[in-house]
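Below is one structure, written out as structure tokens, with a few remarks after it.
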There are 2 protein chains.
Amino acid sequence: MRRITKEEYIETIFALQKDSVKVQTGQIAQRMDVKPPSVTEMLGKLQDEGLVNYEPYIGAELTSKGEKLARELLETHKVISDFLEILGIDKDVAEHDACIIEHHMSRESAQRLKMFVEFIQTAPKDPKWIENFLMYCETGKRECRPED
Amino acid sequence: MRRITKEEYIETIFALQKDSVKVQTGQIAQRMDVKPPSVTEMLGKLQDEGLVNYEPYIGAELTSKGEKLARELLETHKVISDFLEILGIDKDVAEHDACIIEHHMSRESAQRLKMFVEFIQTAPKDPKWIENFLMYCETGKRECRPED
DNA sequence: CCTAATAATTAGGCATACCTAAAAGTGATG
DNA sequence: CATCACTTTTAGGTATGCCTAATTATTAGG
């Protein structure tokens, strides 16, 4: 049984708030593939921690604290999935892995990985070595440039 | 509260078996920073899954199935920590993050990351772009070679 | 305004991994 | 062989997050 963390609830609520300010129990449940009672329970806990404002039968809304956390989590998430995609991982798998890994990575590693992705993405030209790497994955051969 | 997974017990037992065949409850508890009753309980479960042979008051020993799993886990672990170290993460942090992440990464991503690390480590020369990257982390500047 | 459909909540449980305190087993020593 | 020190196990309980079934709110139609 896959256990979803509080953080994932925060991220989901954040995403759903793009459509409407108040997010309903059912929406969250559906999106997270979880039953409504689990959501009700979690919203209570998130409320206790000051991450959401929750009114029974009405819906939930992130507090500014919750929103800040959501943005941080989403950034880490994006860094990881971008990285995995650069390595040539299937988009869905990258997405899935990022979801799970993001909550377990230290701030330090996340920060470093972020710089790495940034370094690659803002390279003057699409770096040759990525091409070489993907080639290496498929054929096992590497192009023999000395500075590779 | 940090929740340790079954897999981490397997890895720990594997590591301790280098010193003696039978591994005792107390050794595992100490190494994992957990109390002995937790270990007893877990050994029972691992036994049920056919991963260890466990005799109360004597100790535990990995089955061949458990040992196979341990080797796989350790390989993934090493891939992740090597990668983080290449990015310039502190060894202890890399080690710690690898411990946690390894259990959450898909086989596909782990395999790809493995190839990536291998690609870097077996590069004809220590790749220039890693130096460039570490420089970029420290100074924010990148060396402007067109093929960067 | 009452009812039926829909949605959410409460109540009561399960699984996992952890803990403390108490009981039991093991082994060395007098 | 009895006792003490040490280790391990058992018993009972906590925290998370998830579930089903039953209850309660809300809302739309008649």
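The chains referred to below are lettered A, B, ... by the order of the sequence lines, with proteins before strands, and numbering in each begins at 1.
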* Asked: Would you call B:E108 and B:R112 a salt bridge, using N to O less than 4.0 angstrom?
  -> no
* State whether a side-chain donor-acceptor pair under 3.5 Å links B:N53 with B:T63. => no
In whole angstrom, what separates [X]'s [atom1] from [N]'s [atom2]?
{"X": "B:L46", "N": "C:dT16", "atom1": "CG", "atom2": "C1'", "answer": "13 Å"}
{"X": "A:K22", "N": "C:dA8", "atom1": "NZ", "atom2": "P", "answer": "14 Å"}
{"X": "B:L43", "N": "C:dC18", "atom1": "CG", "atom2": "P", "answer": "11 Å"}
{"X": "B:E7", "N": "C:dT16", "atom1": "CD", "atom2": "P", "answer": "13 Å"}
{"X": "B:Q27", "N": "D:dC6", "atom1": "CD", "atom2": "P", "answer": "17 Å"}
{"X": "B:M42", "N": "D:dT8", "atom1": "CE", "atom2": "C1'", "answer": "17 Å"}

Touch class at under 4.0 angstrom, heavy-atom based, for [X] against every strand present:
{"X": "A:P37", "value": "base"}
{"X": "A:P36", "value": "base"}
{"X": "B:V34", "value": "sugar-phosphate"}
{"X": "A:S38", "value": "base"}
{"X": "B:Q24", "value": "sugar-phosphate"}

* Contacts of B:E41 that satisfy side-chain contact (heavy atoms from CB on, under 4.5 Å) - sequence neighbours left out -> B:K45
* With sequence neighbours excluded, tell me which residues meet ring pair (Phe, Tyr, Trp, His ring centres under 6.0 Å) with A:Y136. => B:F119
Report the nucleotide, chosen from [options], that has the shortest atom-to-atom distance to any side-chain atom of [X].
{"X": "A:K35", "options": "D:dC19, D:dT9, C:dA17", "result": "D:dC19"}
{"X": "A:T40", "options": "C:dA8, D:dT16, D:dT8", "result": "C:dA8"}
{"X": "B:Y54", "options": "D:dT8, C:dT16, D:dT24", "result": "D:dT8"}
{"X": "B:Y57", "options": "D:dC18, C:dA24, C:dC18", "result": "C:dA24"}

* Structure fact -> Note: for A:E41 and A:E55 on DNA chain C, the residue whose nearest nucleotide lies more 5' is A:E55
* **Most 5' of A:I58 and A:Y9 on DNA chain D, judged by nearest nucleotide** => A:Y9
* Asked: Quick check, are the ring centers of B:F83 and A:F83 under 6.0 angstrom apart?
  -> yes
